[in-house]
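Remarks on the structure that follows.
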Amino acid sequence: MERKRWYKDMVFYQIWPRSFKDGNGDGMGDLWGVLEKLDYIKSLGCDGIWFSPIYPSPGADCGYDIADYMDIDPQFGGMEAFRQVLDGCHERGMKLIMDLVVNHTSDEHEWFQKSRQRIEPYTDYYIWRPAKPNGKLPNNWDSNFEGKAWTFDEVRGEYYLHLFAIKQPDLNMDNPLVREEVKKILRFWLDMGVDGFREDVITYISKPEGLPNDHLFPIYKGMSKYNHGPHIHEYLAEFKRDVLDHYDCFTLAEAPLVWPKRALKYIDEKNGQMDMMIQFQCVAADCLFTDYLPTKFNLRKMKRAFSSWQHKLSGRAWNMLYMENHDHPRIISRYGSEEFWRESGKTIATAFLFQQGTPFIYQGQEIGMLNWHPEDPEMYEDVQTRYTYAHSNLKKSPEVRLKKMWRSSRDSARTLVQWDDTPNAGFTTAEKPWFYANPNYTEINVAQQETDPDSILNFYRKAIALRKKLSCVRYGDYKEYQKNSGRLYVYSRQDDRQKILVVCSFSDKDTRFKAPKGFYMDGAEAALCNYPDPTSDTLRPYECRVYLWK
Ligand code: NOJ
């Protein structure tokens, strides 16, 4: 079947289910809560939902440790609620994609339980290595979350590989039986009617033969060996050929440390194996590789990342556009300004929403939710945050260490969605939700912003509606101007029907702006802006404008 490209015209909304909305009053976000909010999501102009994992899971990594791939966790409402959400989406003309996490499972998955006991056919489902006589680990790889990538299992008497938490053992994708399991999972959900998959760290699934040691740098040790491993394209092509090509669906590859040239090997429309890619460069303009190595926000770095993906994929592959997800702190607190919260929230929205690609908006981004500042490190839930806090900067004071977490923790973006100003931000009727709300929910919340025409929420609605109206945003050429400016991000999009110029200030000062050559402002319509009277040649702090020529 020729796969359709409907996702190119869509805007997706990412739901991280635990914190989205509690529908049954037990303090945990669930699918009943999602059902209540489908019309809200649709009202943003979003026509698709990506669910972070909702399968049964012990929750060691908030669902990214799956214990059963073919069911829905009862705490989220089980299969019954899921079918209602799926139907609810389709009735509204919306699509739904699931998170496919097959680099690893939970250690509580039946496969792992049998593998550790060497029960066939599961013996080789995971990556096991015997202990070495000198007591050394099988290789020098680090896990992304909790120290070394190897843990000794007493039951089997061997080490198993885990690139993430100890409770997330890596699957052995070289085993054809494991690949058959992946195909079964894909078919199961596609047959039920889901419209595609976001594939978790999919570029890690093929490990090199012999599992060689990596470099000795203290960061990402192992990644240069297992990222983009030797059989990765072969395995992905197999999933595509045997399953995905037979359904009208799309796939989104999560790919840490990837650049456009490498990305094309996965998502080139002629011979790629997947459709879009989540790259990390656009969210790394204020850090080195990871949020845990923060630097000052560098606008030029952000612009270089945007433009390089726009240019290099042009005509060959399709971009996935995002500024936030559940793995990164909130973007206004990073690229914008909490002081100019409203203005910078809108400028950030404008900067990414008019590029070519399919935008994904993360829950709460549309109301400008900000980073959370817990006063006690014990309040953090995230496995990565807890490990990092306990093991790094130990010579610094507890206050300094905690502040570093405020800036870098994934939990900064996992607080409860702020629906209104009632207790617990209107997320639940329970007294004690599973997690915290940012105390600023009394000012920043959906209910308040619904009534304010000038809110960030209503700005997102306007920007998405404009994006959908303009063919040049979806299919036109992209060109960047004033590349050296450390304050402005300026780009145009143009097709044979229309042309737009997008101007975004990332400065808290007034900034002079001169239209690039060939743009005659007399004939331009100010189609979107975040201040009144967008005509002067001075941009106010974090001002953004979209000019349109028809
Ligand atoms: C990437 C996911 O987005 C993240 O939340 C998760 O912890 C890791 N992969 C491991 O599954």
Side-chain angles (χ1 to χ4, degrees), residues 12 14-20 29 49-67 69 73 97-109 112 126-127 141-147 149 151 160-171 173 182 185 197-205 207 220 222-223 226-228 251-258 274 276-284 289-292 320 322-330 360 362-363 365 380-388 408-415 435:
F12 272 78
Q14 183 196 346
I15 293 184
W16 196 75
R18 295 174 168 236
S19 290
F20 181 67
I49 291 176
W50 151 29
F51 272 113
S52 277
I54 45 182
Y55 316 95
S57 157
D61 184 20
C62 291
Y64 281 89
D65 48 319
I66 296 173
Y69 289 88
D73 200 316
I97 67 168
M98 298 291 268
D99 217 309
L100 180 82
V101 188
V102 291
N103 176 68
H104 44 267
T105 68
S106 162
D107 63 346
E108 295 182 31
H109 195 291
F112 188 77
Y126 293 85
I127 301 174
W141 298 1
D142 287 332
S143 83
N144 286 262
F145 287 171
E146 291 186 288
T151 291
Y160 65 89
L161 178 73
H162 56 89
L163 297 182
F164 291 90
I166 293 167
K167 283 182 70 62
Q168 291 171 298
D170 277 50
L171 282 165
M173 207 54 76
V182 173
I185 298 165
F197 297 92
R198 175 264 189 194
E199 303 194 1
D200 190 68
V201 288
I202 198 69
T203 56
Y204 290 5
I205 61 171
K207 281 48 172 197
Y220 290 146
M223 200 187 280
Y226 60 71
N227 201 13
H228 316 295
T251 52
L252 171 60
E254 191 205 18
L257 284 191
V258 78
M274 299 188 66
M276 284 190 273
M277 182 159 266
I278 306 179
Q279 44 92 5
F280 286 52
Q281 283 180 294
C282 64
V283 293
F289 308 117
T290 142
D291 298 314
Y292 289 94
M320 182 271 190
Y322 78 108
M323 299 303 294
E324 287 196 4
N325 66 30
H326 63 295
D327 286 334
H328 305 283
R330 293 285 181 181
F360 281 65
Y362 174 61
Q363 62 187 39
Q365 177 182 347
Y380 284 117
E381 277 286 331
D382 170 35
V383 56
Q384 183 186 31
T385 308
R386 291 180 75 90
Y387 185 90
T388 310
S408 52
S409 169
R410 307 195 295 179
D411 278 345
S412 292
R414 295 177 174 188
T415 51
F435 201 43

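Atoms within a ligand are numbered from 1 in the order they appear, just like the ligands themselves. Quick note: residue numbers are just sequence positions, from 1.
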Legend entry - Residue His326 vicinity, atoms of ligand 1 by number, heavy atom under 4.0 Å: 2 (C), 3 (O), 4 (C), 5 (O)
Legend entry - With sequence neighbours excluded, residues passing side-chain contact (heavy atoms from CB on, under 4.5 Å) with Asp107: Phe112, Lys167, Pro169
Inset, instruction - Report yes or no: does Glu254 contribute a side-chain atom to a donor-acceptor pair with the main-chain N or O of Asp200 at less than 3.5 Å? - result: no
Inset, instruction - Mind checking salt bridge (charged side-chain N to carboxylate O under 4.0 Å, His left out) for Asp382 and listing every partner two or more places apart, or none if nothing turns up? - result: Arg410, Arg414
Legend entry - Any Pro256 side-chain heavy atom under 4.5 Å of Tyr204 side chain: yes
Inset, instruction - Grab the two heavy atoms, one from Ser57 and one from Ile66, that are nearest each other, plus how far apart they are. - result: CB-CA, 4.4 Å
Inset, instruction - Please identify which atoms of ligand 1 are closer than 4.0 Å to at least one heavy atom of Phe145. - result: 7 (O)
Legend entry - For atom 1 (C) of ligand 1, the protein heavy atom that lies nearest, with its residue and separation: Asp200 OD1, 2.9 Å
Inset, instruction - Considering only non-hydrogen protein atoms, determine which one is nearest to atom 7 (O) of ligand 1 and report residue, atom name and distance to 0.1 Å. - result: Asp61 OD2, 2.5 Å
Legend entry - atom 5 (O) of ligand 1: the protein heavy-atom neighbour that sits closest, reported with distance to 0.1 Å: Asp327 OD1, 2.7 Å
Inset, instruction - Could you establish whether Arg414 and ligand 1 come within less than 4.0 Å of each other, counting only heavy atoms on the residue side? - result: yes
Legend entry - Numbering as shown, the atoms of ligand 1 that approach Glu254 to under 4.0 Å (heavy-atom distance): 1 (C), 3 (O), 9 (N)
Inset, instruction - Using non-hydrogen atoms of the residue, decide whether Gln384 is closer than 4.0 angstrom to ligand 1. - result: no
Legend entry - Short side-chain donor-acceptor distance under 3.5 Å, Gln14 and Ser52: yes
Legend entry - Chi angles and distances behind the ring pair (Phe, Tyr, Trp, His ring centres under 6.0 Å) call for Phe145, Phe164: CA-CA 5 Å; Phe145 287 171; Phe164 291 90; 5.1 Å; yes
Inset, instruction - With heavy atoms of His104 as the reference, note each atom of ligand 1 found under 4.0 Å away. - result: 10 (C), 11 (O)
Legend entry - Sub-4.0 Å atoms of ligand 1 with respect to non-hydrogen atoms of Arg410: 4 (C), 5 (O), 6 (C), 7 (O)
